[in-house]
Structures are given as C-alpha cells and as structure tokens.
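Structure first, then comments.
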Amino acid sequence: VFPGVRQAQWLTKTKLVEGLPPAVQGIMDNPALGLPELEERAKHVVSHARLWDTAEVAPRREKYCPVLFENLIHICRLMSGKYPSLSKRMLARNFRIAATWERESILLQVRGLSGILMNSVTPIPPVASKEEILATKEHVLETFYPIAPTIDLQEVNVYKELNDTGQRFRDGYPYSHPHTLFFLESANVRTDRFRPEQLRAKMLMFAFGNALAKAKALHGNDPKVLEQPVVVQSIGTDGQLFQFMVFQLNTTDLVSNDGIKNLVWIDSDQNLYERAQCVPEVKKRVVTKPAGISGFQPDTFKKFLALYLHGTV
Amino acid sequence: MAALGAWRLLRPGRRWFSEMVPGAPLPPDSPLYPPVVASITAKSRAAKSRRLQRFNQRVHAAATVEEKLRLYGKLQRPKYTVYPQTFALNADRWYRSFTRTVLVPGMPPRAAAARPPVAAAGATPEAGRAPKPGAEAPAAAEAPAAVGAPAAAEALGAAKTPEPAVGEAPYVNIGELRSLVCDALLQESFYQNKKRPFLYRDQDHTPGPFLTQLVSTLAASLSGRNPLLAASSLDLNPEVNYYWHHGEEVVVHGHRKGRVDPVRFQIDDNPHLQIRVPKQLPEVVPLESDLGDVPVINHKPSKLPLFKKQYENKVFIGSKVADPCCYGHTQFHLLPDKLKRERFIRERLEDQIEVVYRSNGIASLFAWTAAQAMYQGFWSEADVTRPFVSQAVVTDGKYFAFFCYQLNTLALTAQTIKNNPRKNICWGTDSKPLYDVVEDGNVKGFNDEVLLQLVRFLLNRPKEL
C-alpha cells in the first residue's frame, strides 16, 4: 500500500537514519585493510558468479545469487589470515526465527525462515552514543491514521508465544550472539522476488526479531530500557542490488508509543555492478556491448566487507 | 604440362588451339601431380584414417581452447556413463583400467613440499622438513597434553598445546584447529535445532553442512600460511565433466553394424565442495615414472555394469576457460545414503567399503585433472608436457579417505596408447574415522591424524610460494 519500511518502523518502534553508521564508515576508510587488491578479487568473483560458473551460456538467478554470496563471504573469511579473531564466527543456514512482542495492545509475532545467520562469540559493541539514544525520546513515530498499522499482516490465533532464538540453538552454544543476517532473493521469476522496499522491511523485521530474542535471553522478559543495546546487522541482495542495514535495539518496552526508540541505519539500493553480459551484443555487425562485467562499484563490496568485519576490527 | 603440350603439337593430324612456345623454360621441379592420397568419402580403411587425420589437424589448428573443446566433443555417439560413486563390485579395478591409473596405497612421500611443523615437544631441526608423514603423527600425538576426549570449545583453552613456537618458523596450532573442527561438528549435529532428516536424505542433514563449515573455516584460518589458498576460489556443489575414448569395439547393431569404433566414456561428477587455484600444484614424481601395473580386464565395460547413453560431450572443471583459477587444488566428496557402511556390512560385503572410496577418488580426480589439462590445450593427440596434480578427500561424514592424483598422460585412444609408456598415478589411503561419537556437547575420540592429513592437504602449494 505504501512503503513497507515506514510500517515496519512503527511496528518495531524504530527511528530511521539514512546511510551507514560512522563506526562502519571508519572500517571502510581504514587503509590497513588492503582494499585495492581485494577489489580485483571482488571483480573476479562477480565474473565467476555471473559468467563462468556454468557449462551453459548464462547461469540463472537461482544459481548465481547464492554463488555470488558464497564467493563474497569466502573473500571476507580469507581476511581471517590477517585478523585471527575472525575465525570465531559460524554460519548457520536454513535458520528459523520466532519472536513475540506487544505494540500498543496488539500482539505481534514474527516467524519464518530467515535465510542465513552468522553468529559470533562476541557481541557487536553499540553503534550509537548515549546522547543519540536519548535524543530518540523526542522523535515521534509516524502514524498512518486512518489506516491501522497492522494492515497487510496476517491475523492468526497464537497459542504458544514462541520467544527465542534460544530455541534454535541449545544452551551452552559458544557462538551465541547473532551478528549478521543474510537474505538472498534468488527466485528466477521477478514476481516471486521481494521488491527492494519490501526486502528492506523484511530485513528490519527479522533483525528486530533476532535482537529482541537475544535481549530477552540476556536480560529477561520484562520490558525495559537496555543498558547494553543489542546490535544486529542485515544484508539483503538479489544478486545485483544490495541493501545494508544496522539495527540497534535500545529498549524492549514496546507497548507505549513514546520513550526511547530503537535505531536503524539503512543504506539502500547499492549496485555491485551495472550489467553482466555473457555473450557480446552485436547490432548490425558492430559490437555494442562487449562481454564481461561493466560498471563495477567497489564501494558496495567495501561496505559488505566492513559490515562483516564490524565488531572484530 | 608444357612438355605434354609440346609433344601434342608434333603429332600429325591433331589440331592444337593454344599457342605453346617450344623451348619455354620448364617450371622448377615441383611435383607434376598433387599427392595421391586416399579418398575422403569412400567406405575403406584408408579413407577412414584420412578422415581421422583431417579431424586431428582441425583440432590442432583450432585458435582458442573453447574452439578445441567444441570440435573435440562435436560428434555425439552412444557412450558409457561412468559414475564415480557407484555400488558396482570391484569398480576401482575397472576404473583403473579405463583411465590407465596405477594405485599406490598410502600418501606420497613429500620430501621438500610444504609441511607444517607442528609445535612438538622436541623442536624439529629445520622448519618442519621431516621426511616421512609417519614421523610427525606421533610427534603431534604426544604434543597435546594427553587429551583423551577433547571437550567443547570452552574447555579447549586449557587443552591447547602450551609449547612455544619453534624459533621463527610458523607452526600450526593443532589445538586451535581442533577446536574449530569440533565447533563445526557440534553446531551441525548438536546445537542447532533442525527438523528431522528427510527420508534417505541423512547426508544432507548433518554431514553435508558439517563438511561445508569445516572446509570453509579451515581454509580461511590456514590462508595466512598458504598464499595459494588466499587466492583460491571455493565452489559449492560444482559440476565436473570429462569425455574420452579408450580401446576399440565393433558396433553390435544398427545401421553402423560391423564398424570398428572407439569406446567412449563420460564422467559427470558433482563434488560437494572444491577449491580451485590460479597456480598448479607441484609434481609428486617425474612424468615418466612407473610405480606399478594397470589392471587389464578382458570384458566389455557393460559387464561392470555400465550403460550407454548419447548426450552432450562435456568437458568442464567447474568454471569456464576464462576463469583465472583454472587449476585444481582439492575436492571434497560426500558419499550418499545409498553407499553407507551399514548397508555394505548388512549385505556382507565389507571389502567393498574401501572400493567405494577408491573408485570415487580415482574417477573424480581423473576427470578433474584431465579436464584441467584440456583447458590448457592438451588432448589425446597432443599429450601433456607437465604432470597435473590434484587432491581429493572422500568422506561419509565420519570416515575420511585421502587421495592424490597425478595425471601423466591423456593419450588413451587405441592409436595413441600403442607407444605410450606413461601411466597416471593415484595415491590413496583407507578410510579412517575423524571422531568416535558426539554426545552431550562433547566430541569423543577425536583423531588428530586425520586432521593433520587434512591440514597437510590444504597447505599444499608450489615450491616458489
């Protein structure tokens, strides 16, 4: 009906900040990372995923989207040669999330197959300073009067209030802090894929769900303002367009509409490359578009890497 | 021609319309007639060999590797599909005869190859150049403080090897790697709550994800020590195909009945995981070495059982020719539920368990190394000038078997094999368990030797690096 992120913001009591937080920007600008060589590798990796991976002429999105993701994660993981503490991360695939909360007397629950989750041993330190968190008190959440904020949500009789990601992992799991969620829109048909706006809303809801479950596991079920905010990142892509998101949960008191709000930084619609031509396009015996990857944007890859390294570097 | 024309002028009674100047200088002694060769289209043996020569010339003269591969596999005829993971009895003998491979048990002796010096109690003299693999395993076994059952990660800090590094040589911290492996194993089998495995899909439920996690974390943590790994490319569930001819047979039925045809084979393989690198692994033994005999089987391949089908002749290493990572490093294969050990034991075929691992290793590695060689422009008429080496690990989740393959020759067709003394060589071990059982968040009976062998495989690199 209208942009999904605004609705998700109201449902999760969140304030939106455009662009990535300064801590992540700092990692990107760090010259010690050796980013220029990695750009070359990133270009190879994109060519591999989009052009070379299959014996047919061109791979389909169901193939190239996961392959591109795996290759990018492989490059990021190889950085653990330089930063040994990066090996304290574990990927969990086919991961299910469930979290419940109340929002102005409406009981909401998010459940589902949220894709791939990366866990780490240590949590990400809070990204926003104390002043910023207090400043959210004045922020007024956008309401959609007369449209009810729960429009387009499925109303279901919930018999069990499922509440934890602790259900996904047993106690004593060493990699207990959710670090980053990855969403791959890899359906071949365009109508089966989420549009960028809806993808961002989905990312926000699931990041919120994971953070809420972790906060309840750490601090108990009572709604309160968190001393140590929980930070969860989220990256969504359809093989070409990337959405980056950093979510900080400041409070579990979600019933009222005022008070401290949660914060989310969103960097949306980042293209990794313009087009990937498998066979050169020839019009009237002249090659108009040569084969290969054109319009490669190294900044998008830098953001991906920075989000991966966030919390350890 | 000029002499003939002049002779005709002199014959009386003949009219000659062209003006031939007698005494004109004859052309220098170039052949008067074009060479007399067999016809191209006749139904004769000479014509067939001439057609074959023309085909070979066409492939030799192809400008790019893609064009060569296209011409090599252009003609489609029924061919045997060779499956690396097969339940056929004694399949590894048959596969060795199809691919002209010698099987050498045990791992190749690595004299000067990169060997990780494990932090041993007594410091090794030079940076880990111990001559035999056997010498290091006991050293590694006594180094970690007598740990019978390494517990989960929180207790492992105490169990880590406390010995300091050997001088300035980089050493491999086995304790840390062991903790990574145990974490991966525990996450997949114990900590993560998954639904019940689908029927007959047990391998996709736990051992598959465990293998993926294991290889990706181990490769990432060892990339600091092995620059080849830092430039590598990791493929999940890639496709490897190879097509070749070996031997001859007479066509049995159909409109081509009675003709002598080469026996065609095709391998279509899907390893669970593979690592491709931009530089080739070093050779293990020289190109012309002879380490054993190739089994000779006097039956038709269809007796194995092997079945014929006609479809596209593909040669593929996992990515196209344009990829810079065109050499192979290591493949990881996961055995399916159909070939699990309990089934063989139930049917009283215990000796066939090792055959499954060996046939998988030999067939997959032959296909991969041969496809790599074809990507470099070699084929059965243009044999390889340097050996191609790759490694593979075949596992069913608990038992691991290690294979190293050296491709010395691609010339397996009936004409080229006559004067070919070279043989391909495969080194392989028996399957050993990595751990005994996982119980209550603990891994019991962890086997360090298997981990060491895996680490050695991943650290393999050319001498210059």
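Proteins get letters first, then strands, A, B, ... in listed order; numbering begins at 1 in each.
- To the nearest 0.5 Å, atom CG of residue B:Leu234 and atom CG of residue A:Leu78 are 8.5 Å apart.
- Here the CD1-OG distance, from A:Ile75 to B:Ser223, works out to 12.0 Å after rounding to the nearest 0.5 Å.
- Of the two parts of A:Glu56, only the backbone, made up of N, CA, C and O, holds a non-hydrogen atom closer than 4.5 Å to a non-hydrogen atom of chain B.
- Residue contact with chain B, scored on non-hydrogen atoms closer than 4.5 Å, involves the backbone of A:Leu51 exclusively.
- At a 4.5 Å heavy-atom cutoff, the contact between A:Arg77 and chain B is made by backbone and side-chain atoms alike.
- Surrounding OH of B:Tyr435 are more than 12 heavy atoms belonging to other residues, nucleotides or ligands, all under 6.0 Å away.
- B:Lys320 places no side-chain N or O within 3.5 Å of a backbone atom of A:Asp53 that could act as its donor or acceptor partner.
- Using a 4.5 Å heavy-atom cutoff, the side chains of A:Trp52 and B:Pro324 are in contact.
- For the pair A:Arg41 and B:Ser232, the tightest heavy-atom approach, listed with the atom from each and the gap, is NH2-O, 2.8 Å.
- Between B:Phe316 and A:Thr54, the shortest heavy-atom contact is CZ-C, 3.4 Å.
- For B:Leu229, the part sitting under 4.5 Å from any heavy atom of chain A is the backbone (N, CA, C, O) and nothing else.
- Looking only at heavy-atom pairs under 4.5 Å with chain A, the residue among B:Ala230, B:Ser221, B:Pro209 that has the most is B:Ala230.
- Interface summary for chain A: among B:Gly224, B:Ser319, B:Cys325, the most heavy-atom pairs under 4.5 angstrom belong to B:Ser319.
- B:Asp235 pairs by the salt bridge (Lys or Arg N to Asp or Glu O under 4.0 Å) definition with B:Arg276, not counting sequence neighbours.
- Only the side chain of B:Leu236 comes within contact range of chain A, judged by heavy atoms closer than 4.5 Å.
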Run the side chain to side chain contact (heavy atoms under 4.5 Å, CB included) check on B:Asp323 and A:His48 step by step: do they pass?
CA-CA 7 Å; B:Asp323 199 332; A:His48 170 253; 3.4 Å; yes
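- Atom OH of residue A:Tyr175 and atom CG of residue B:Leu186 lie 10.0 Å apart, to the nearest 0.5 angstrom.
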How far apart are the C-alpha atoms of B:Ser216 and A:His74, what are their side-chain angles, what is the distance that settles it, and do they pass the side chain to side chain contact (heavy atoms under 4.5 Å, CB included) test?
CA-CA 8 Å; B:Ser216 31; A:His74 182 59; 5.8 Å; no
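- Only the side chain of A:Asn71 comes within contact range of chain B, judged by heavy atoms closer than 4.5 Å.
- More than 12 heavy atoms of other residues, nucleotides or ligands sit less than 6.0 Å from atom NZ of B:Lys314.
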Set out, in order, the CA-CA distance, both residues' side-chain angles and the distance that settles side chain to side chain contact (heavy atoms under 4.5 Å, CB included) for B:Gln213 and A:Leu91, then state yes or no.
CA-CA 8 Å; B:Gln213 284 281 17; A:Leu91 272 184; 4.0 Å; yes
